[in-house]
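Working notes, structure below.
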Protein chains: 2
Amino acid sequence: MAISYRAGPVAVGRRLGPEEFVSVRTAHTHDPLGDWGPCGACDLGPLSFCANMGRGTVSSLARVQCTLRYDAQDTMFREGDDGTAVYVLIAGAVKVYKLMPDGRRQITGFFFRGDMFGFCLETAYAYTAETISPVLACRLPMTLLRTLSQTAPEVQHRIMLRMIGKLATFHDHVLLLGRKTARERVASFLLSLSDRACRRGEPPSPLVLPMGRADIADHIGLTVETVSRAMTRLKRDGLLDLPSPGLVVLRRPKALRGIADGLTPEAA
Amino acid sequence: MAISYRAGPVAVGRRLGPEEFVSVRTAHTHDPLGDWGPCGACDLGPLSFCANMGRGTVSSLARVQCTLRYDAQDTMFREGDDGTAVYVLIAGAVKVYKLMPDGRRQITGFFFRGDMFGFCLETAYAYTAETISPVLACRLPMTLLRTLSQTAPEVQHRIMLRMIGKLATFHDHVLLLGRKTARERVASFLLSLSDRACRRGEPPSPLVLPMGRADIADHIGLTVETVSRAMTRLKRDGLLDLPSPGLVVLRRPKALRGIADGLTPEAA
DNA sequence: CGGAGTTTTGACCACAGTCAAGCTTAGTGG
DNA sequence: CCACTAAGCTTGACTGTGGTCAAAACTCCG
């Protein structure tokens, strides 16, 4: 069955010509260009799953790969669609969600630069992917996962490691949703964004939130109002600053960690 | 850091001698012995990740594999332990959970016959695994995931498919925890158990619950009392029968599905 | 049978949801 | 350049679902 409670187009993404690759490779300068392979379609460097691969392997990937550009609020694919491709984000932010017939929404993940998503079983995507900001993505055919086992088992192994990592974050998120209070959820969410920024080579603290409060709420199982109240309270308690809705300064990350892990009693 | 808020031993599992394999292979008769490989350490048949593999591949797996028996309530491994092995369940039931310092617990998954678990990144398990009933398990060294990319990429691909499947169930569970009501959660949980029983070749309806209400509660983010109330109400509404606490008869699975998916208004 | 542990039921309560109003910010056009 | 609008964020008052605490009933053992 095709699941699509809210109709709307799926954006195909604008294909970048070869001459545009150069600008892509220099568009993001906040991390050093590492010893990346000769694919040339992205500037992910060590963040890429194909970093440090042999020339032959990477160029065979480059042959099946294509680089796409999306606008903000584009739907990349929809729950129930034929799952023909996996994506690696080069720039921008994506949210992935499931809908219930009455409109309730659960955002199951946010993806940023370097992240890989779109794995699916038996042709149908289990969720919808929508861009939050303008996006540049590397698209790889789903069949690659199968052929890699023959041609480049090492790449397949790397992809598997990413999946194991994703499974671990799901365990954490399930704990958050099942057992944490509103305050703990917001603290955990902000810290996880901070951690991921670090892993991308960005600073941990002036945190940019590309998503709105509604998206945060639908990710951590709360309402917009509760998210807002929790953040205001964290600010009042001196744990963070909110210069603008989309910017968070972590003032006392250790204390925030304590709250996220439930070490600090709610009253404090 | 070693995370172990409640001390207690980790059971090593009793190693089965070769002479005991025969009894293992005939102990469970509820699904036909399929065209399983020559490993001989289990009777999983088509449920096994190594079903229909070449003799050479399977016998190389058999060389590194070992079959273990655990009692009920044994801890197989603990969050923070060195992740040296993955497990395939041959018989029995296992729960996998994370703890918070104050004792809050989130059960992130239940595993049954044929299921595979214990994947981990960077040596440390992200959760604790504890048996619910007596268990028979096939233990495989974690390093296998790496060597398989060289020796048997096809097996690695199958394991990856299992991971993708597990990712999909996490998406569903995150939706359940983030956006469903108590009634919907219980209905969803029972149906998911039923689905999995079917996939194992068991009947969908007289459903055996090896876990207690407390475990169910800690899995679907509720309290024991709320789980109990929700089940009682589903029974009162004629959707299921509860001949005993550990047995559930799904009387109207379609209607139950409607509740699980939020199609039926709460009042009804 | 008896007794421990689990499940169910009941009464009350609190955290987060709902509804509604104000506030801030960014974008638009006069 | 500034009114005007619209969207998103914040704050407030009230409500309801599910949590807490307590006790009764059931199940499953020995």
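What you see below is based on every heavy atom in this structure, not just the backbone, and it leaves out hydrogens, waters and symmetry mates. Just so it is clear: chains get the letters A, B, ... in the order the sequence lines come, proteins before strands, and each one is counted from 1. Computed from a prediction, not measured in an experiment: that's the story for all the values here.
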| message | I'd like to know if A:Glu184 pairs up with B:Arg104 as an ion pair, taking the criterion as any Lys NZ or Arg NE/NH1/NH2 lying under 4.0 Å from an Asp or Glu carboxylate oxygen. | response | yes
| query | Parallel, tilted or perpendicular: which describes the rings of B:Phe170 and A:Phe170, with under 30° parallel and over 60° perpendicular? | reply | parallel
| said: Quick one: does any side-chain atom of B:Thr67 pair with a main-chain N or O of B:Cys138 as donor and acceptor, under 3.5 Å? | reply: no
| Range on DNA chain C touched by chain B, heavy atoms, distance below 4.0 Å | C:dT7 to C:dA11
| Whole-Å distance between D:dG18 P and B:Arg104 CZ? | 19 Å
| note | note: A:Leu242, atom CG; D:dG8, atom P; distance rounded to Å ~ 18 Å
| task | Anything under 30° is parallel, anything over 60° is perpendicular, the rest tilted; go ahead and classify A:Tyr127 against A:Tyr125. | result | tilted
| Does any N or O in the side chain of B:Thr131 come within less than 3.5 Å of the main-chain N or O of B:Asp71, such that one atom is a donor and the other an acceptor? | yes
| field | Lys/Arg N to Asp/Glu carboxylate O, A:Asp218 vs B:Arg179, below 4.0 Å | value | yes
| Which pair of non-hydrogen atoms, one from A:Leu68 and one from A:Arg139, has the smallest distance, and what is that distance? | CD1-CD, 3.7 Å
| field | Sub-4.5 Å side-chain heavy-atom contact between A:Lys98 and A:Thr128 | value | no
| said: Within residues 211-222 of chain A, which residues have any heavy atom lying less than 4.0 Å from an atom of DNA chain D? | reply: A:Gly212, A:Arg213
| message | Closer than 3.5 angstrom, by distance alone: can the side chain of A:Ser205 be matched with the main-chain N or O of A:Leu250 as a donor-acceptor pair? | response | yes
| said: Among residues 224-231 of chain A, which ones have heavy-atom contacts with DNA chain C below 4.0 Å? | reply: A:Glu225, A:Thr226, A:Arg229
| query | Tell me: CZ of A:Arg179 to P of D:dG19, nearest whole Å? | reply | 7 Å
| field | Whether B:Tyr70 and B:Tyr87 hold their rings parallel, tilted or perpendicular, with breakpoints at 30° and 60° | value | perpendicular
| task | Classify the nucleic acid contact of A:Thr181 as base, sugar-phosphate or nothing, counting any heavy atom under 4.0 Å across all strands shown. | result | sugar-phosphate
